[in-house]
Structures are given as structure tokens and as C-alpha cells.
Amino acid sequence: SMSTSMNMGRVVFYEDRNFQGRSYECSSDCADMSSYLSRCHSCRVQSGCFMVYDRNNYMGNQYFMRRGEYSDFQSMMGMTDIRSCRTIPMHRGSYRMRIYERDNFGGQMHEMMDDCDSIMDRYRMSDCQSCNVMDGHWLMYEQPHFRGRMMYMRPGEYRNFRDMGMSGMSGMRFMSMRRITDMY
């Protein structure tokens, strides 16, 4: 039906840079792309938004992609390969997230309903170790002003960022947060 297809994003991944080599078209979560492509160096996002990861099972470094052409992952985002990808569902309605200074919802708590380009400037918080995403889908960034490495947060409780099994991201702190909006 029309409404179902509206909700679906579509992305085509290519083995080589500049949309060359074998391709794989994807419109759902894919935990391991190696069954389709031996490597992945470029893609075209035709609709929707996706997170891509440089390890299987949505692990490792991750990167947000909206509609557009990504001709060379290495030069555009410093990622050598894409191993898994996740679709980001369309969200209509409010956004709400509680961020906590310490793990297990300890320390200072602040409730956010909009983007925050620096938790230090806005809340005098130098660290954020857990959060509860109540509404909407969010990106959390390592540095203020939505820079540095990022992490995709769907609704749920995240008790300890350091234990989330993200290789190379264990020491990450998140200093800015942004709602994923106007996706389609």
C-alpha cells in the first residue's frame, strides 16, 4: 500500500567508490552485508535515512546518512568499509529525552525536547553517561556543535554508554544531541 512504501527508505550500496562494482539494494536493517558485497565503498540513499556501521551487528563507528550520494566513504567520513546498516523509522510527533551525568541514571538529570549544541553551555554538564529516550530518534555527538563521532539512539533506556559494546567507542562522551527530523 501507499502508506507502507512511504515509510520505507531505500539505499543502494556499491562495492567500489563512485558507485562502481557490484551493488546491493536495501530497504531494511541489515546486520551483515558481507553476504551481499565483499566490501562497500559508496552508496546512494534514494529515500529515507540510515545509520551505517563499519562492523557487523550495528557495532563500531557509525554514520548518519540522509538522501543523497556518497561517492567515497573513506574521504567523506573516514570509514573504510560499511558492514551493517539500520533504517531510521519516520517519526511524527514530539521529541523527549532525559540525559544523566552518570551511568544508571545517576547525577544531574536534564530533560530535552529539542537540539542541544552543547550540554556544557546549556546545563554545565561535562559528561553524559546514560539516557532515557522517551520520544523520537536522536543522534548524540562526541563534540559540541554536532561534531565528531556520533551514535544513533532509538527510544529506550541506555544505562551505561561505556558498556554498549561499541568497539573503539568505549571512552566516548557525548557533548551535543540532535533530533532526527524532516527525514522524508
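What you see below is based on every heavy atom in this structure, not just the backbone, and it leaves out hydrogens, waters and symmetry mates. When a residue number appears, it is its place in the shown sequence, counting from 1.
Remark: R98 fails to qualify as a cation-pi partner of F105 under the 6.0 Å distance and 45° angle criteria applied to the six-membered ring.
Minimum interatomic distance between L139 and M51 (heavy atoms only, all atoms of both residues): CD2-SD, 3.7 Å. Of all non-hydrogen atoms in G148 and Q143, the two that sit nearest each other are CA-NE2, 3.8 Å. Taking all atoms of both residues into account, the shortest heavy-atom contact from S42 to D72 is CB-N, 4.4 Å.
One distance of note links CZ of R122 with CG of D117; it measures 7.5 Å at 0.5 Å rounding. Separating the CG atom in D114 from the OG atom in S94 is a distance of 12.0 Å, to the nearest 0.5 Å. The CZ atom of R159 sits 5.5 Å away from atom CG of N104, with the distance rounded to the nearest 0.5 Å. Rounding to the nearest 0.5 angstrom, the gap separating the SG atom in C30 from the CZ atom in R86 is 11.5 Å. Taking CD of E15 as the reference point, atom CD1 of I82 lies at 13.5 Å (rounded to 0.5 Å). Taking CZ of R96 as the reference point, atom CD of E111 lies at 5.0 Å (rounded to 0.5 Å).
Note: F13 and Y24 have parallel aromatic rings, judged against thresholds of 30 and 60 degrees for the angle between ring planes. Between H137 and Y152, the ring-plane angle classifies as parallel under the 30° and 60° cut-offs.
Screening M109, M175, H110 for a side-chain contact (heavy atoms from CB on, under 4.5 Å) involving M125 leaves a single residue, H110.
For R147, the CZ atom sits in a loose shell: 12 or fewer heavy atoms of surrounding residues, nucleotides or ligands are nearer than 6.0 Å. The environment of R39 atom CZ is dense: over 12 non-hydrogen atoms of other residues, nucleotides or ligands sit within 6.0 angstrom.
The side-chain heavy atoms of H145 and S176, taken from C-beta on, include no pair separated by under 4.5 Å. Contact of the M65 side chain with the F73 side chain is registered, since non-hydrogen atoms from C-beta on lie closer than 4.5 Å. The closest side-chain heavy-atom distance from Q20 to Y14 is not below 4.5 Å. Contact annotation: the side chain of M177 approaches that of C128 to within less than 4.5 Å [non-hydrogen atoms, C-beta and beyond]. Using a 4.5 Å cut-off on side-chain heavy atoms (C-beta onward), M33 and C26 make no contact. Between Y158 and M140 there is no side-chain heavy-atom pair separated by less than 4.5 Å. With contacts defined as side-chain heavy-atom distances shorter than 4.5 Å, the pair W138/C131 does not qualify.
Criterion: ILVMFWY side-chain heavy atoms under 4.5 Å apart, direct or through other members. Under it, M153 and Y100 are not part of a common hydrophobic cluster. F50 and V12 end up in different hydrophobic clusters when Ile, Leu, Val, Met, Phe, Trp and Tyr side chains are linked at under 4.5 Å. Linking Ile, Leu, Val, Met, Phe, Trp and Tyr whenever their side-chain heavy atoms come within less than 4.5 Å leaves F19 and L37 in two separate clusters. I99 and M120 fall within a single hydrophobic cluster, where Ile, Leu, Val, Met, Phe, Trp and Tyr are joined by side-chain heavy atoms under 4.5 Å apart, directly or via other members.
Side-chain atoms of D29 come within 3.5 Å of backbone N or O of T87 as a donor-acceptor pair. Between the Y95 side chain and the I180 main chain, a donor and an acceptor come within less than 3.5 Å of each other. With hydrogens and angles disregarded, a donor-acceptor distance shorter than 3.5 Å links the side chain of D115 to the backbone of R179. Side-chain atoms of Y36 never come within 3.5 Å of backbone atoms of D32 as a donor-acceptor pair (strictly under, hydrogens ignored). Side chain of D81 to main chain of C40: a donor-acceptor pair is present (N/O by atom type, distance under 3.5 Å, no hydrogens or angles). Within the 3.5 Å criterion, the main-chain N or O of N160 finds no donor-acceptor partner in the side chain of S130. A donor-acceptor pair under 3.5 Å is absent between the side-chain atoms of Q74 and the main chain of H41, judged by distance alone.
In this structure, a donor-acceptor pair under 3.5 Å is absent between the side chains of N56 and S84.
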